[in-house]
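The structure under discussion appears below in the form of structure tokens.
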Amino acid sequence: MHKNMWMFLLVIFGIFLFYLIQKEDDVITKANVIIYTDGKTSSEKEITDIKTLESLQRVREQIKWNRYIEVKIARQEDAKLVIFKQGKQQMPEKVIQYRIWFEHTDVGAMIISNDPAENVGTLNKNNAKTLEDIIYQK
């Protein structure tokens, strides 16, 4: 009986540690934005403001990812977002690149990530508007 109780507590503790490790790895330290107009780079900027990065993180958590489809979009993306995530101590930063198309329809934005765990995602109109505001500094 005690052996089962200790095993149960050990599993719960392991899940808790795993959650803490995952959470620590998901802190955005900065982001670079490239905006395209008529197929050409029209502006580039770096985002380092903590409040803006936190808003970006909240929006990023709302993306509905599909790892199993392949999408090719005919037109060039509206913006490219490169985020830098804080790694664990002694680990390098993780860099993830997002290509973003703002749709202004029911699907507010289509996003393609270079992270295979994410792949292709969509944002609803409200979250896409927030992302658009961050990118275009509205």
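- Looking at Ile28 and Arg60, their side chains come closer than 4.5 Å, going by heavy atoms from C-beta outward.
- Listed for the Asp78 side chain is a donor-acceptor partner under 3.5 Å among the backbone atoms of Phe102.
- Here the options are Asn66, Ile111, Val107, the test is side-chain contact (heavy atoms from CB on, under 4.5 Å), and the partner is Thr122; only Val107 passes.
- Hydrophobic clustering, with ILVMFWY side chains joined whenever heavy atoms are under 4.5 angstrom apart, keeps Leu81 apart from Phe84.
- With Trp101 contributing its side chain and Gln76 its backbone, the two residues share a donor-acceptor pair below 3.5 Å.
- Judged purely by atom type and a 3.5 angstrom limit, Thr52 has no side-chain atom pairing as donor or acceptor with the backbone of Thr48.
- Without hydrogens or angle criteria, Lys94 side chain to Ile83 main chain gives no donor-acceptor distance under 3.5 Å.
- Side-chain heavy atoms closer than 4.5 Å link hydrophobic residues (I, L, V, M, F, W, Y) into clusters, and following such links, possibly through other members, connects Tyr136 to Ile47.
- Side chain of Thr29 to backbone of Gln86: no donor-acceptor contact under 3.5 angstrom is found.
- Using a 4.5 Å heavy-atom threshold, the side chains of Asn114 and Ile96 count as touching.
- Within 6.0 Å of the CD1 atom in Ile69, the count of heavy atoms belonging to other residues, nucleotides or ligands exceeds 12.
- Side-chain heavy atoms closer than 4.5 Å link hydrophobic residues (I, L, V, M, F, W, Y) into clusters, and following such links, possibly through other members, connects Val33 to Ile63.
- Rounded to the nearest 0.5 Å, atoms CG (Asp115) and CZ (Arg67) are 9.5 Å apart.
- Going from atom OG of Ser55 over to atom CD1 of Ile50 covers 12.0 Å, rounded to the nearest 0.5 Å.
- Between the NZ atom in Lys125 and the NZ atom in Lys129 there is a gap of 12.5 Å [rounded to 0.5 Å].
- Ionic pairing of Glu103 and Arg75 is present here: one or more N-O contacts between side-chain nitrogen and carboxylate oxygen are shorter than 4.0 angstrom.
- Hydrophobic cluster membership is shared by Trp65 and Leu56, with clusters built from Ile, Leu, Val, Met, Phe, Trp and Tyr side chains linked at under 4.5 angstrom.
- When side chains are defined from C-beta on, Val82 counts as touching Gln97, because their heavy atoms get closer than 4.5 Å.
- Under the 4.5 Å side-chain heavy-atom criterion for grouping Ile, Leu, Val, Met, Phe, Trp and Tyr, Val59 is connected to Ile35 within one hydrophobic cluster.
- Residues Asn127 and Leu131 form no side-chain contact, since every pair of their non-hydrogen atoms from C-beta on lies 4.5 Å or further apart.
- With a 4.5 Å cut-off on side-chain heavy atoms, Asn32 and Glu44 do not count as touching.
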